[in-house]
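The structure under discussion appears below in the form of structure tokens.
For reference, positions follow the sequence shown, starting with 1.
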Amino acid sequence: MREKELRLALVCYGGASLAIYMNGISGEILKLVRASRAFHGVVDREARLATTFDDAAPERPYATDTEALYFELLQAVAHKLELRVIVDVVSGASAGGINGIFLARALAHDLDFDPLRTMWLNLGDVEELMEDDTLADRSSKFYLYPFLWLFGRKAFGDIKPDEETRRKLFRFVRSRWFQPPFSGTRMLTWMLNAVENMGHVTDNETLMPPGHKLDLFVSLTNFFGQPRRVKLHDPGEVLEHQHGVTLNFSYRQSPGGATLSEFADENLPALGFAARATSSFPGAFPPLRLKDLDDRLTARRQDWPMQQAFLAKNFPGLIADMATLNDMCFIDGGVTNNKPFGSAIQAVYERPAHREVDRRIIYVDPMPDEPDTVKAKTRHAALPGFFRTILSSLAEIPRTEPIYEDLRAIDQQNKKARRFEATVQSAEAEVNRLVDSLLVLDAEKKVEVAMLASWRERAHELAHKHTGFAYASYMQAKTVRLIERLSQLMVDGNVKTGTVLSETDTFEALRRWAEMKGLLCPEGGVVNIVPAFGFQHHVKRLRELDVDYRIRRLRFVILKLNRFMQQDSNGHMVEPVKRIKKQIYEQLELFRARWQTTMYPANTFAGLDGDRLSDAAIDHYLNTLGSAMELEDLDYALDELLATILSVLPHSELRTTLFRAYVGYAFYDVLTLPMSASADLLEMDEIRVARISPLDCTGMHTDPAADVLMGTQLYNFGAFFSRAARENDYIWGRLHAAKRLTDFVLDAAGEDALPEGFDLEDFRRRLYLAVVTTEGRHVERKGDLIDELKARFAPGE
């Protein structure tokens, strides 16, 4: 039976009160992942097709609804292939950043999302967001009533607001002026409470499969900017201020069972800080400082055990200057990066596939432009006025910048992936011939560790011999990438010693050292072959330090095993291949850990600073690091593992595939490394981009041309003025997500994925009805919408 991973990277835009719509979408994505986790949690493959979600899922302290239906859908497509749905990247800004934080924490530790619905519906109100002493009473600024009436007509246009919205808008406008109207302290308190109310982390409860990493990226804006020195030719250096900040939180459970989580209870203050800071809409909320968080934690008597780790990871250049760091002012992440594709794209390219994979970037856009040229021409017919020009320049235009360049970058990468795949396929037959003719795998003999190691060395020699002058280019590319990795490790490691190194200066010092040693060709020159060093010295250094070659080789082995399992005739080999891949992933984790500074004592990086990056200091650093990495010991352990696997496997296509991929990888690396944009990645999977928005679900609406969201009113602040709007947008968020997630699952499964007799339309009705039935228990103002939707999705309608 074929297996496939549907790997999702979620990108959430900013949108003020549309955060409530996005919360509904986030909650529905969580439910699909829960269903997938439960489905694959049933070990027996036959039992998976016969059990129910309630029987398969662990007992939880919260209610479920659509999970059972997604479980049913995964069962239905399982006659063709078993699909696993995984969210491994979440990137968000502003309102999307808040929901990204909630979703990532829930994914990491299988936590409750329902308290967030309660928070948004009850507390996401303009009168709750404001301090009591700032709200206007009935007589405040009474002279403004005529102007407010005119403003209301312009703000709402043809849409007639409800009484609650009109009353709260007029009260809001008559309240405090020339200061942020919303309470930063209240918002920070809500965010801290929200991440805590999701539940407490318990051992081993997660929705992430072992070995998969979950990354969250949250955009902030540093109001004053962080000084950055940039080297030029003339002048030699300039000073700029970087305002964009991206916070990163990660979760990973290694195949061996060890868990590293930055979403745990010990780091809740960091999550609350990120949620409050990313949504600090200019003018609406005051900026946030880290010392404001400290004050709030002191008032709450709340500890932050992971504070130093959070600051060191996200502000490494300032960890030694806490006074400056505590005074930094952060405002809405949407000011500098409202559509945070960049971090998501980079993270997706760093994710190895555990099996056949369908990679997708899903972006949530509550207000997409309609592809209606007539409407576009009408929109641009009038000359923008004085205030419209100023406001659009400051806020609207930066927040709606197109994602064309991001999507174009993905398209270019997909083209490269296709060329990459074609290169490997074109070379495969010749590489197999060389490996089979010169490195004989005897069917009758046990594979010894020393034998396998010698075969690897022989393959390197053959790759050098048969690739001619291309090998020199390969070695240069390999060395440059190693220098980049080593310089970054130096910069990160010096944070532990309280020393700040310049990334540029460190790389340049290492590059000059490599040129002096004859390991690297100078720009515009030839390699300086130093008699004391030469080629063997080069090989020795790479053997001691080149972690990424080992990582690429293991990823290639896994890739070939995945390709092997895509052949229908090999369906009976699922379990043996799974066991082999599990063991390989455990070894892969050991190599990847070598790029973590936590692997090394602080004195590994002692004596390295901007004024003392001498050749002698670099030599000492690399010698110390090479000993600490112990790569040759790891090589021996890996050879021992694979020798054992090859010895016990019967003489079969699987055995040959594994042998050729591992021993013959040197040939492929020479061909493909210069094509790759990353040091340790096989870029052979294309990435598809899809969207969740109201425009993608118009078939669900009574009037396909109508905007069903109410939060889009008042420049996207509409839902903060009306409980009815919040209920409306939350319900539609869940419904739109249910529709699109079903689309994604069926598209990933391929044509004819559903068995004969499966009624897709009936399934969709039952799915939507499950959403409406649940949300009907939580509405106070939108009972009419619930009744309308129940009637529309009722059986037989």
message = Which heavy atom of Met710 sits nearest to which heavy atom of Ala724, and what is that distance?
response = SD-O, 4.1 Å
query = After noting the C-alpha distance and the side-chain angles of Asp292 and Arg296, does the key distance pass the salt bridge (charged side-chain N to carboxylate O under 4.0 Å, His left out) rule?
reply = CA-CA 6 Å; Asp292 298 328; Arg296 187 92 294 263; over 6 Å; no
ask   = Which residue pairs satisfy the salt bridge (charged side-chain N to carboxylate O under 4.0 Å, His left out) criterion with at least one member in residues 298-310, sequence neighbours excluded?
value = Glu196-Arg300
query = Can you name the nearest heavy-atom pair linking Ala274 to Leu220, along with the distance?
reply = O-CD2, 4.0 Å
Check: Ile25 and Glu28 side chains under 4.5 Å, non-hydrogen atoms = no
key: Worked check of side-chain contact (heavy atoms from CB on, under 4.5 Å) between Phe113 and Ile29   = CA-CA 11 Å; Phe113 225 63; Ile29 292 172; over 6 Å; no
request  = Any chance you could lay out the side-chain contact (heavy atoms from CB on, under 4.5 Å) test for Ser250 and Leu260, step after step, and finish with the verdict?
outcome  = CA-CA 8 Å; Ser250 300; Leu260 172 65; over 6 Å; no
key: Flag side-chain contact, heavy atom, 4.5 Å: Leu32 against Val745   = yes
request  = Apply side-chain contact (heavy atoms from CB on, under 4.5 Å) to the pair Leu247 and Phe310, showing each step before the final yes or no.
outcome  = CA-CA 9 Å; Leu247 301 181; Phe310 167 75; 4.1 Å; yes
message = I'd like to know if the side chain of Ser722 and the backbone of Ala725 have a donor-acceptor N/O pair within less than 3.5 Å.
response = yes
inquiry  = Closer than 3.5 angstrom, by distance alone: can the side chain of Lys4 be matched with the main-chain N or O of Ala748 as a donor-acceptor pair?
reply    = yes
request  = Report the distance from atom CZ of Arg34 to atom OG1 of Thr66, rounding to the nearest 0.5 Å.
outcome  = 9.0 Å
message = If we ignore hydrogens and angles and just use 3.5 Å, is the side chain of Asn314 paired with the main-chain N or O of Asn248 as donor and acceptor?
response = yes
query = Under 4.0 Å between a Lys/Arg side-chain N and an Asp/Glu carboxylate O for Arg691 and Asp696?
reply = yes
key: Sidechain N-carboxylate O distance under 4.0 Å for Lys31, Asp65   = yes
task = To the nearest 0.5 Å, tell me how far Tyr585 OH sits from Arg555 CZ.
result = 8.0 Å
Backbone N/O of Pro340 and side chain of Ser91: donor-acceptor pair under 3.5 Å = yes
task = Taking the side chain as every heavy atom from C-beta outward, state whether Leu709 and Met367 have any pair of such atoms under 4.5 Å apart.
result = no
query = Does Arg7 reach the side chain of Val348, with side-chain heavy atoms less than 4.5 Å apart?
reply = no
key: Result of checking Leu214, Asp110, Val87 against Leu207 for side-chain contact (heavy atoms from CB on, under 4.5 Å)   = Asp110
task = Before accepting this row, confirm whether a basic side-chain N of the pair Lys291/Asp295 lies closer than 4.0 Å to the acidic partner's carboxylate O.
result = no
inquiry  = Ignoring hydrogens, what is the shortest heavy-atom contact between Phe71 and Thr52? Give both atom names and the distance.
reply    = CE2-C, 3.7 Å
Side chain Arg592, main chain Ile551, donor-acceptor under 3.5 Å = no
key: Residue among Thr221, Asn338, Thr278, Asp332 satisfying side chain to side chain donor-acceptor pair (under 3.5 Å) with Ser94   = Asp332
ask   = Salt-bridged, Lys782 to Glu775, with N to O below 4.0 Å?
value = no
query = Any side chain to side chain donor-acceptor pair (under 3.5 Å) pairs touching residues 13-25, not counting sequence neighbours?
reply = Tyr21-His736, Asn23-Asn99
ask   = Nearest 0.5 Å, what's the CG-CG distance between Asp365 and Leu695?
value = 8.5 Å
request  = Could you point out which residue of Val779, Asp125, Leu123, Asn122 forms a side-chain contact (heavy atoms from CB on, under 4.5 Å) with Arg726?
outcome  = Asp125
query = Can you tell me how far the CZ atom of Phe102 sits from the CG atom of Leu271, to the nearest 0.5 Å?
reply = 9.5 Å
query = Does Asp729 use its side chain to pair, donor to acceptor, with the backbone of Ile20 at less than 3.5 Å?
reply = no
request  = Could you tell me whether the side chain of Glu5 and the main chain of Val357 form a donor-acceptor pair under 3.5 Å?
outcome  = no
key: Under the salt bridge (Lys or Arg N to Asp or Glu O under 4.0 Å) test, residues paired with Asp55 that sit two or more places apart   = none
query = Is it true that Phe281 and Phe182 have ring centroids separated by less than 6.0 Å?
reply = no
inquiry  = Using every non-hydrogen atom in the two residues, find where Arg37 and Pro209 come nearest and quote the distance to one decimal.
reply    = NH1-CA, 3.7 Å
key: Donor-acceptor under 3.5 Å (His109 side chain, Thr206 main chain)   = no
message = Checking the side chain of Ser219 only, and the main-chain atoms of Gly334 only, is there a donor and an acceptor separated by less than 3.5 Å?
response = no
query = Which value, rounded to the nearest 0.5 Å, describes the distance between Asn337 atom CG and Ser343 atom OG?
reply = 7.0 Å
query = Using the ring of each side chain (for Trp, its six-membered ring), is Phe263 parallel, tilted or perpendicular to Phe249, with breaks at 30° and 60°?
reply = tilted
request  = Enter the distance from Phe217:CZ to Thr246:OG1 here, rounded to the nearest 0.5 Å.
outcome  = 8.0 Å
inquiry  = Is there a side-chain contact (heavy atoms from CB on, under 4.5 Å) between Val85 and Phe744? Walk through the geometry before answering.
reply    = CA-CA 10 Å; Val85 183; Phe744 302 154; over 6 Å; no
query = What's the shortest heavy-atom distance between Gly15 and Met22, and which atoms?
reply = N-CE, 4.4 Å
message = Do Leu74 and Ser36 have side chains that approach each other closer than 4.5 Å (heavy atoms only, starting at C-beta)?
response = yes
key: Heavy-atom pair with the smallest gap, counting every atom of Arg48 and Gln75   = O-NE2, 2.7 Å
key: Electrostatic pair Arg360:Asp747 at N-O distance under 4.0 angstrom   = yes
message = Can you confirm whether Tyr730 sits close enough to Arg117 that some side-chain heavy atom of one is under 4.5 Å from a side-chain heavy atom of the other?
response = yes
task = Using a strict 4.0 Å threshold on nitrogen-to-oxygen distance, state whether Asp265 and Arg105 make a salt bridge.
result = yes
